[in-house]
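Take a look at the structure set out below.
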Amino acid sequence: MNFGKRIVKDIIIWLGIVALAHFIFIKTNPHLAEASLHANNEAVTKNSIIAEKARLGLNDPWPKQFSTWLGNAIHGNFGQSYVQHEDVMRLIGHALPNTIVLALATIALIGLVIYGYAIYAIKNPNTHGEKGIRLFLLSGSAIPSFWLGLILLTIFAMDLAIFPISSDHFSFLGLILPTITLAAAYIGSYIRLMRRELLQLRRKEYIRYYRYQGLSEQRLSHIMIRNAMSSLLVSLSVSIPKILAGSAVVETLFSWPGMGYMCITAINDRDFPVIQGYIAVMAVVFLVFNELCWFLNQRFILARR
């Protein structure tokens with residue numbers, strides 16, 4: 001499938017996602033007018049509800065409501081938050097960079113831990129130390145993110161007071177605990193992949209050839225780690241959308257001012273414009289990263305031929 005067809009397919013997928021989300025939210029929340037009135041501290045009366053429904057366009061048929069929203073969204077207008085009385089696009093503009101920073105920091109930490117494990121494992125294969133490190137890292141995947149986050153908050157934020165308990169704005173110290181919590185859920189999977197790659201590389205003919213030619217073990221280790229990491233980084237890039245999606249729980253737990261925290265807050269407040277804007281923007285982010293992963297995978301396949 002060429003790039004143009006993939007773009008058309010992505011646009012169709014995006015329209016399907018936002019249309020379905022819009023339809024479900026409108027049909028399952030008949031009291032949006034009341035929620036808007038409550039958010040604006042206005043009296044909820046029969047007349048005010050009727051007026052608010054007319055103002056929000058809730059009396060129109062759903063196709064007209066969606067087409068109006070879509071026309072505005074294409075021009076970057078997702079409406080105004082019921083609660084914060086700010087443009088949704090402005091709220092997203094503040095939150096999205098924080099979520100992307102958290103995701104990239106998580107990817108960097110995962111890559112760093114895997115690289116460190118590979119260096120140790122290739123020099124000390126199947127030793128008690130290697131097995132112990134692998135068991136410790138794998139155990140992180142078995143611990144729910146919210147529980148691990150609570151443990152880290154209790155020890156390092158409340159008891160030792162090293163890190164802030166919550167971060168209502170971006171800070172380096174506030175980024176550390178959420179990054180560790182989010183990365184722990186994925187490190188175990190990639191440790192298994194790295195170990196499998198190293199075991200397969202040891203049996204490769206070119207590695208045996210290099211060894212017979214007298215290449216030093218240090219140089220061989222460098223070649224094997226480089227080749228294993230190159231294939232693993234492609235797999236790691238596929239996890240970026242999952243990390244973005246899974247960040248909602250971590251962001252809420254640590255009050256990290258990202259997209260997930262913004263969405264959970266909007267759901268509790270029934271702030272429909274913010275929720276719909278979140279879905280629309282995150283769908284675009286997911287599709288963009290999906291295309292990036294496809295591109296990297298194609299380059300990797302061509303490089304290995």
Has the side chain of [X] got a donor or acceptor atom that lies under 3.5 Å from a matching backbone atom of [Y]?
{"X": "Q65", "Y": "D60", "answer": "yes"}
{"X": "Q276", "Y": "V18", "answer": "yes"}
{"X": "N124", "Y": "Y120", "answer": "yes"}
{"X": "E197", "Y": "A228", "answer": "no"}
{"X": "N98", "Y": "P257", "answer": "yes"}
{"X": "D271", "Y": "I267", "answer": "no"}
{"X": "D87", "Y": "M89", "answer": "no"}

Side-chain contact test, heavy atoms from C-beta onward, threshold under 4.5 Å: evaluate it for [X] versus [Y] and give yes or no.
{"X": "P178", "Y": "F254", "result": "yes"}
{"X": "L96", "Y": "V285", "result": "yes"}
{"X": "M262", "Y": "I92", "result": "yes"}
{"X": "W14", "Y": "L287", "result": "yes"}
{"X": "I176", "Y": "F156", "result": "no"}
{"X": "S81", "Y": "L91", "result": "yes"}
{"X": "E291", "Y": "V288", "result": "no"}

Spatial distance of atom [atom1] ([X]) from atom [atom2] ([Y]) [nearest 0.5 Å]:
{"X": "F289", "Y": "I100", "atom1": "CZ", "atom2": "CD1", "value": "6.0 Å"}
{"X": "T99", "Y": "I243", "atom1": "OG1", "atom2": "CD1", "value": "12.5 Å"}
{"X": "M259", "Y": "I279", "atom1": "CE", "atom2": "CD1", "value": "10.0 Å"}

Using the ring centroid of each side chain, check whether F272 and Y82 are separated by less than 6.0 Å.
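No - the distance between ring centres of F272 and Y82 does not fall below the 6.0 Å cut-off.
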With F23 as reference, evaluate W69, F66, W62 under the ring pair (Phe, Tyr, Trp, His ring centres under 6.0 Å) test and give the passing residue.
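Output: one option passes, namely W62.
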Please report the closest heavy-atom contact between T252 and G260, naming both atoms and the distance.
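Heavy atoms only, the tightest pair is OG1-O, 4.3 Å.
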Taking the basic N atoms (NZ, or NE/NH1/NH2) and the acidic carboxylate oxygens, is any pair closer than 4.0 Å for R195 and E130?
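Yes.
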